[in-house]
Amino acid sequence: MTPSTNPLKTHLSILKDSSERFAQSAAFKVPSSQGPSLGVPRWDTITFKQFYDDVELCARYWAYELNIKANVPLKSVVGLWIGGYTYSDVLHIYGVSKAGYVPQLFSLRLPNPTVIFELLQKAGAKALVCDSGTLVSMSNRTHDVPVHLFTAPAFSDIELSSVNLSMVVQDSYITTNEESIDPSECAFIFHTSGSTSGSPKLVPCNYRWLDAAARKASQLCVPINPDRQDVSTWMGSMAHIGQTCLLLSLMQYGTCIVQPSRFPFPAEELTAMVRYCQVNRIWQFAAFFSAHLRTARQDPKFLAILTSLDEVTTCGMALSQEDQDYAYSSGINLKEIFGSTELGGSTLISIGGKDPNTRHHLRPLTGLSYEFRPTHSDVDSGVHQSTNRLLEFVVLPESGDCPDISLRNPDDNKFHTGDLFIEVGPGTYIFAGRDDDWIKTENSLRCDTKSIEDNARAMCGPLISECIVAGTGRPSPVLFVESDGEVPEPKLKKEIWRKIRLFHSRRYVHERITAEMIIVIPKGSLPRTASKGNIRRKAVEEAFKAQLDKLYGVS
């Protein structure tokens, strides 16, 4: 329990504090609505004071819509099905929260309305806010929405009604930082980045958890140069925990966040952000930064841009050894973070330094309660005597970032991540994969390969002899199927797709197999272990790398 003398940090208290400490400093730089002039990109500046004022106005709007007009009870869960990539999206999320509600955030990567409705009901939500894009995707499904439905207007439209909102919505309708907070009370609801049984799990985040996530910033986000404002890149969608916690962390140090025009942003846009917005530090998913490294290998000027940055922090998954070696040897100030949705992003960080043998090793963040315990397979086989034993990363219930009890192991009340490590020095580790059948795709979201394989076998059993899903670090998975050659390949692919299509319609976009992502190969051609004949996922990805690169358009 956080002592009363050390009040809980929340997104709203940090915003208030930052608006006073860094009032006229840039909080965001957003692409200008006026567009480029003479080919020069333009970004508009939003100060911390303006950010705070805009959240206040947005809170009055949602207090009026939800509380006064619709009579939605305070502290109710309110779903927001929005992009999460714009300043306006941040205002709606923070505004709903400051109006006294609990935001339940939905990613556009989960486009199936039926699944959204199910998750709203599981969370006990009372309302759903959609932007114009998601309303279009629902088309004539709006009558099925099990809660009040609202449209998220452009913030410019809210500004036009600011005078009326100030008169109609009294200060008592929006929360203040002086109000006491119960650490066990829910602040946000996110969702696991992968689906289980066709649906993600709820990830309720209470204020104790939020406070722990915010306090990690002191080990991650302190400016390199205390005499200069850090300017960083926007990492991903606010509908996911990664960007939400990054904003929470960077605000505490007055860091400016630059919004690119698209995700992932190409090398030329990063160059423009460095030149015109003074970006000196970037946070990016490893697969996206790997694309920048490919460009840097061919473009010395862009490599110079990367080496000029104070720091490059990659996350989501480990960079390949080849990319790490190139980045370090080229003089890029690289830092790597390991984390997960349920734990508020970061949990371990690379130790850095000059030693090429150890600088990529990971150490746990301090002030939390983690343990690395031998896996059952190691214990059962006697491997626990080995220096290379596999250790599962486990979070103890007393750790501030230990997720909701619904996500913990019921036997010991601990959160078992399923992430495996090898201890390579006292208190330092390297990631060694997972103890299950999940992979991480390009944007570091998770995909349950086993459920896809099980469905393919169940639906297509007579048509295929074996199958496996691959795609680590790719935009989406690929289904490899072994055929006995009796059915022509085009016809076989078409029939497989017909049988599995319904299953994939409920899944996140990054988890879906599409018709183009079915690869038919001869029976017996998938790499197998010599002892048990098991198909090895990593070996499949290595053996078919050229074919996968071509499929995904990687040069």
(request) Verify side-chain contact (heavy atoms from CB on, under 4.5 Å) between T341 and L445, making sure each step is shown before the conclusion. (result) CA-CA 9 Å; T341 293; L445 303 177; 5.7 Å; no
(request) Check the pair R294 / D323 against salt bridge (charged side-chain N to carboxylate O under 4.0 Å, His left out), numbers first and verdict last. (result) CA-CA 9 Å; R294 286 197 295 273; D323 279 346; 6.0 Å; no
(request) Mind running side-chain contact (heavy atoms from CB on, under 4.5 Å) on L91 and T86 for me, showing each step along the way? (result) CA-CA 9 Å; L91 296 181; T86 67; over 6 Å; no
(request) Would you please test E20 and K16 for salt bridge (charged side-chain N to carboxylate O under 4.0 Å, His left out) and show each step? (result) CA-CA 7 Å; E20 296 168 350; K16 181 68 164 64; 2.3 Å; yes
(request) List the steps and the verdict of side-chain contact (heavy atoms from CB on, under 4.5 Å) for L128 and F150. (result) CA-CA 6 Å; L128 174 63; F150 298 87; over 6 Å; no
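Contact annotation: the side chain of F302 never approaches that of R297 to less than 4.5 Å [non-hydrogen atoms, C-beta and beyond]. Residues S476 and V509 form no side-chain contact, since every pair of their non-hydrogen atoms from C-beta on lies 4.5 Å or further apart. Contact annotation: the side chain of I46 approaches that of V30 to within less than 4.5 Å [non-hydrogen atoms, C-beta and beyond]. Residues V55 and V90 fail the side-chain proximity criterion, which asks for heavy atoms closer than 4.5 Å. The shortest side-chain heavy-atom distance between C58 and Y94 does not fall under the 4.5 Å cut-off. Looking only at side-chain heavy atoms (C-beta outward), W81 and I116 come within less than 4.5 Å of each other. C402 is not listed as a side-chain neighbour of Y370, based on a closest heavy-atom distance of 4.5 Å or more. L105 is not listed as a side-chain neighbour of M238, based on a closest heavy-atom distance of 4.5 Å or more.
Between the side chain of Q252 and the main chain of I14, no donor-acceptor pair closer than 3.5 Å is present. Counting only distance, with no hydrogens or angles, the side chain of D89 and the backbone of G84 share a donor-acceptor pair below 3.5 Å. In this structure a side-chain-to-backbone donor-acceptor pair under 3.5 Å is missing from K216 to C245. Distance alone, capped at 3.5 Å, places no donor-acceptor pair between the S13 side chain and the K9 backbone. Side-chain N or O atoms of K440 include one that pairs as donor or acceptor with a backbone N or O of G316 at under 3.5 Å. In this structure, Q229 contributes its side chain and G254 its backbone to a donor-acceptor pair below 3.5 Å. Side-chain N or O atoms of S162 include one that pairs as donor or acceptor with a backbone N or O of E159 at under 3.5 Å. T441 places no side-chain N or O within donor-acceptor distance of the main-chain N or O of S444, the cut-off being under 3.5 Å. With hydrogens and angles disregarded, a donor-acceptor distance shorter than 3.5 Å links the side chain of S193 to the backbone of R446. With D404 contributing its side chain and L407 its backbone, the two residues share no donor-acceptor pair below 3.5 Å.
Annotation: ring pair (Phe, Tyr, Trp, His ring centres under 6.0 Å) contacts of F48 (sequence neighbours excluded): F22. Residues satisfying the ring pair (Phe, Tyr, Trp, His ring centres under 6.0 Å) test with Y64, not counting sequence neighbours, are none. Remark: H360 engages no residue in a side chain to side chain donor-acceptor pair (under 3.5 Å) (not counting sequence neighbours). Residues forming a ring pair (Phe, Tyr, Trp, His ring centres under 6.0 Å) with Y207 (at least two apart in sequence, or on another chain): none. Under the ring pair (Phe, Tyr, Trp, His ring centres under 6.0 Å) criterion, F431 pairs with F338, F421, not counting sequence neighbours. In this view, H240 and S107 satisfy the side chain to side chain donor-acceptor pair (under 3.5 Å) rule, not counting sequence neighbours.
One side chain, S261 or E269, offers a donor N or O that lies under 3.5 Å from an acceptor on the other. Counting only N and O atoms by type, the side chains of S232 and D230 include no donor and acceptor under 3.5 Å apart. For E322 and S320, the side-chain atoms include no donor-acceptor pair closer than 3.5 Å. Side-chain atoms of E541 and T472 form a donor-acceptor pair, as typed in the model, at a separation below 3.5 Å. Residues T449 and R537 have side chains that bring a donor and an acceptor to within less than 3.5 angstrom of each other. Side chains of H11 and S97: a donor-acceptor N/O pair is present below 3.5 angstrom, by distance only. In the model, T314 has no side-chain atom that pairs as donor or acceptor with a side-chain atom of Q284 under 3.5 Å. When only modelled atom types and interatomic distance are considered, Y52 and D17 share no side-chain donor-acceptor pair under 3.5 Å.
Residues L246 and M235 come closest through the heavy atom pair CD2-CB, 3.8 Å. Residues R60 and L165 share a closest heavy-atom pair of O-CD2, 4.0 Å. Shortest non-hydrogen contact noted between A125 and Q104 is CB-OE1, 3.8 Å. Closest approach of P200 to L110, counting heavy atoms only: CG-CD2, 3.9 Å. Taking every heavy atom of both residues into account, W438 and G194 meet most closely at CZ3-CA, 3.6 Å. Among all heavy-atom pairs drawn from V231 and C277, the shortest one is CG1-O, 3.4 Å.
Here the CD-CZ distance, from E56 to F51, works out to 11.5 Å after rounding to the nearest 0.5 Å. Distance check: N280 CG to N225 CG gives 8.5 Å after rounding to the nearest 0.5 Å. Taking CG from L362 and CZ from F393, the interatomic distance works out to 10.0 Å, rounded to the nearest 0.5 Å. Here the SG-CH2 distance, from C315 to W283, works out to 8.0 Å after rounding to the nearest 0.5 Å. Summarising the geometry, atom CG belonging to L12 is positioned 5.5 Å from atom NZ belonging to K98; distances are rounded to the nearest 0.5 Å. A distance of 12.0 Å separates CE in M138 from CG in N112, rounded to the nearest 0.5 Å.
Ring orientation note: the planes of F188 and F190 are tilted relative to one another, at an angle of 30° to 60°.
The number of heavy atoms from other shown groups lying within 6.0 Å of NZ (K49) does not exceed 12. Environment of CZ in R275: sparse, with no more than 12 heavy atoms of neighbouring residues, nucleotides or ligands closer than 6.0 Å.
Judged by the 6.0 Å distance and 45° axis criteria, R42 is not positioned over the aromatic ring of Y276. Both tests hold for R359 against Y328: distance to the six-membered ring centre under 6.0 Å, angle to the ring axis within 45°.
Classification of R474 and E442 as a salt-bridged pair fails, no side-chain N sitting under 4.0 Å from a carboxylate O. Using a cutoff of 4.0 Å between basic side-chain nitrogens and carboxylate oxygens, R281 and D310 are not scored as salt-bridged.
Note: Y87 and H92 fail the aromatic proximity criterion, with ring centroids not under 6.0 Å apart. Close placement of the H191 and F106 rings is indicated, their centers lying within 6.0 Å of each other.
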